[in-house]
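Note sheet for the following structure.
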Amino acid sequence: MRILQVSASDGGGGAHKIGYALFRGYRSRGHTSAMAVGTRTTHDPDVHLIPASVPDSGRFARRVAARLLRPLARRSPALQPVRRALLSPHPVAYLRSRAKGREFFDYPGSRALLELAGFTPDLVHLHNLHNEYFDLRSLTALTARVPTALTLHDEWTYTGHCAYTMGIENWRSGCVSCPDLAIHPAIQRDATHENWLAKKAIYEGSRLYVSAPSRWLLERAEQSVLAAGAVNFRLIPNGVDQQVFRPAEQAAARELLGLPRDHLILLFTANAMQRNPFKDYETVAAAAESVAFALRDRQLLLIALGDDGPARRLENAELRFVPYEKLPERVAAYYQAADVYLHAANADTFPTTVLEALSVGLPVVATAVGGIHEQVRSLEGAPGSWTGAAEGPETATGVLVGAHDAAGMATATAALLGDDDLRTRLGRNAADDASPRFGLNGQLDSTLAWYAETIEDWRSWRHGPA
């Protein structure tokens with residue numbers, strides 16, 4: 001096949017990481033694979049920058065100004081729209097839309113997607129479209145010209161502005177009177193209903209084949225305005241490279257990373273976790289502090305991988321920040337060095353970090369938010385666990401607790417750290433369960449099969465039965 005992935009970037013985590021992994025995976029299997037991105041971070045010749053409507057010289061100057069403004073915008077959120085405007089093809093129009101609370105779609109370069117790769121794709125696969133690089137209005141023309149798949153990584157496609165609804169259900173009835181305009185991507189005034197109507201009109205004129213990695217997100221999308229433009233919906237769980245994220249000797253991993261051999265080590269991984277509104281670092285930190293108090297006779301280390309900050313010392317524990325790590329092998333080593341992986345979120349779809357932990361054979365204690373309960377098989381009767389589905393020690397891979405339940409997370413974690421045999425059993429279960437369910441090769445197989453069906457269906461619609 002000739003496949004074009006479209007994503008906000010070819011670097012970083014989350015949706016960006018998944019789109020880039022698919023692009024490289026298809027190429028390694030002999031398919032003609034390319035990627036079109038809003039921000040290019042690699043030098044891969046098959047990754048193409050979606051063009052802006054301003055000359056390159058002007059674009060460069062704006063990017064430099066935006067980069068200089070970034071630290072000020074972090075301290076003063078009011079400057080953030082100005083910084084984003086500098087990166088927009090039409091800064092004045094962008095600021096006017098922002099002032100009205102309207103989402104800005106005027107990114108004309110995205111209309112030239114099919115000319116970027118040097119070949120005519122058999123299928124275009126879209127990922128997150130809300131990072132201010134893609135004209136959503138181009139979907140109507142694009143889906144008429146080529147089979148177009150869309151993988152959801154969050155809820156933005158069917159809301160009036162937010163990437164996650166955070167328990168607000170207005171999206172079901174038109175996003176009227178949004179109670180929280182500050183949820184990312186934030187807007188200045190409540191034009192959420194107008195934004196929702198604009199998306200509805202776009203989808204009604206489009207023909208999309210939609211997938212999601214979790215049933216939680218898929219079912220919500222099926223009930224949303226997106227359904228007006230969806231030919232069908234497909235559940236395809238994300239996967240990770242299990243040649244990298246695999247079980248390994250804990251002592252060797254700790255030696256590689258310079259970590260103490262005699263400490264109990266907890267791990268939480270998230271990019272910019274202290275500033276990320278969808279992660280819940282506070283619950284993890286509070287849980288780790290409680291675990292340290294409960295296990296006062298042991299030395300405890302919580303590693304917060306993916307952020308910067310000063311270490312925090314307790315009597316018998318340390319909370320240590322480790323900056324974002326690009327090398328997958330070193331990321332895998334942190335999982336392999338840990339005893340338990342902790343994950344707490346305010347909103348989450350199907351976090352890759354949980355899949356990485358399970359794949360290396362690391363038990364997971366996580367809050368049951370979004371699609372996380374589809375990843376972790378919770379231990380029945382575990383102290384602090386949630387009231388949902390649970391399994392016996394023969395198949396359980398960790399413990400799920402309630403959202404924001406730091407006490408439950410601490411109790412469950414302390415119980416696992418205090419029972420070496422149980423922890424080893426859950427870790428072995430995790431690796432065995434992740435191998436068939438969450439491997440990158442399995443995701444590639446499922447997605448390629450979906451592509452083939454999509455292309456056949458689209459051609460039948462466009463040209464009639466063969």
Non-neighbouring partners of [X] that pass side chain to side chain contact (heavy atoms under 4.5 Å, CB included), sequence neighbours left out:
X	result
Asn429	Thr397, Arg425, Leu426
Ala285	Tyr281, Leu319
Pro179	Ile168, Asn170

Under 3.5 Å, which donor-acceptor pairs link side chains of residues 363-374 to any protein atom two or more places apart or in another chain?
from: Thr367; atom 1: OG1; to: Ala345; atom 2: N; distance (Å): 3.2
from: His373; atom 1: ND1; to: Gly370; atom 2: O; distance (Å): 3.1
from: Glu374; atom 1: OE1; to: Arg215; atom 2: N; distance (Å): 2.7
from: Glu374; atom 1: OE2; to: Arg215; atom 2: N; distance (Å): 3.2
from: Glu374; atom 1: OE2; to: Trp216; atom 2: N; distance (Å): 2.9

Could you check whether the rings of [X] and [Y] sit parallel, tilted or perpendicular, using 30° and 60° as the cut-offs?
X	Y	result
Phe245	Tyr335	perpendicular
Tyr158	Trp171	tilted
Phe104	Tyr94	perpendicular

Open item on the list: Could you go through Trp156 and Glu103, starting from their C-alpha distance and side-chain angles, then the distance that decides it, and tell me whether this counts as side-chain hydrogen bond (donor to acceptor under 3.5 Å, both in side chains)?
Closed with: CA-CA 11 Å; Trp156 178 84; Glu103 293 182 310; 2.7 Å; yes

TODO: Look at the side chain of Arg102 and the backbone N and O of Thr192, then say whether any donor-acceptor pair between them is shorter than 3.5 Å.
DONE: no

Task: Test item: Thr411 side-chain N/O and Ala407 main-chain N/O as donor-acceptor pair under 3.5 Å - done: yes

TODO: Can you run down the salt bridge (Lys or Arg N to Asp or Glu O under 4.0 Å) pairs that involve residues 149-164, sequence neighbours left out, and say none if there aren't any?
DONE: Glu155-Arg220

- [ ] May I have all residue pairs that pass salt bridge (Lys or Arg N to Asp or Glu O under 4.0 Å) and include part of residues 342-367, sequence neighbours excluded?
- [x] Lys17-Glu356, Lys279-Asp348

With sequence neighbours excluded, tell me which residues meet ring pair (Phe, Tyr, Trp, His ring centres under 6.0 Å) with [X].
X	result
Phe23	Tyr20
His127	His125, His153
Phe438	Phe350
His193	none

Return a table of donor-acceptor pairs under 3.5 angstrom between the side chains of residues 378-385 and protein atoms on other chains or two or more places apart.
from: Ser378; atom 1: OG; to: Leu400; atom 2: N; distance (Å): 3.0
from: Ser385; atom 1: OG; to: Ala382; atom 2: O; distance (Å): 2.9

Task: Within the 6.0 Å centroid threshold, strictly below: Phe268 and Phe321 - done: no

TODO: Would you please indicate yes or no on a ring centroid separation below 6.0 angstrom for Tyr164 and Phe278?
DONE: yes

Open item on the list: Measuring only between side-chain heavy atoms, which start at C-beta, is Arg246 closer than 4.5 Å to Val360?
Closed with: no

Task: Contact check, side chains of Leu4 and Leu116, non-hydrogen atoms, under 4.5 Å - done: no

TODO: Please list, chain by chain and in numerical order, all residues satisfying salt bridge (Lys or Arg N to Asp or Glu O under 4.0 Å) with Asp190, sequence neighbours excluded.
DONE: none

Task: Lys/Arg N to Asp/Glu carboxylate O, Glu453 vs Arg234, below 4.0 Å - done: yes

Task: Distance (rounded to the nearest 0.5 Å) between Asp106 CG and Leu136 CG - done: 12.5 Å

Task: Approximate separation, where rounding is to 0.5 Å, of Arg437 CZ and Asp433 CG - done: 4.0 Å

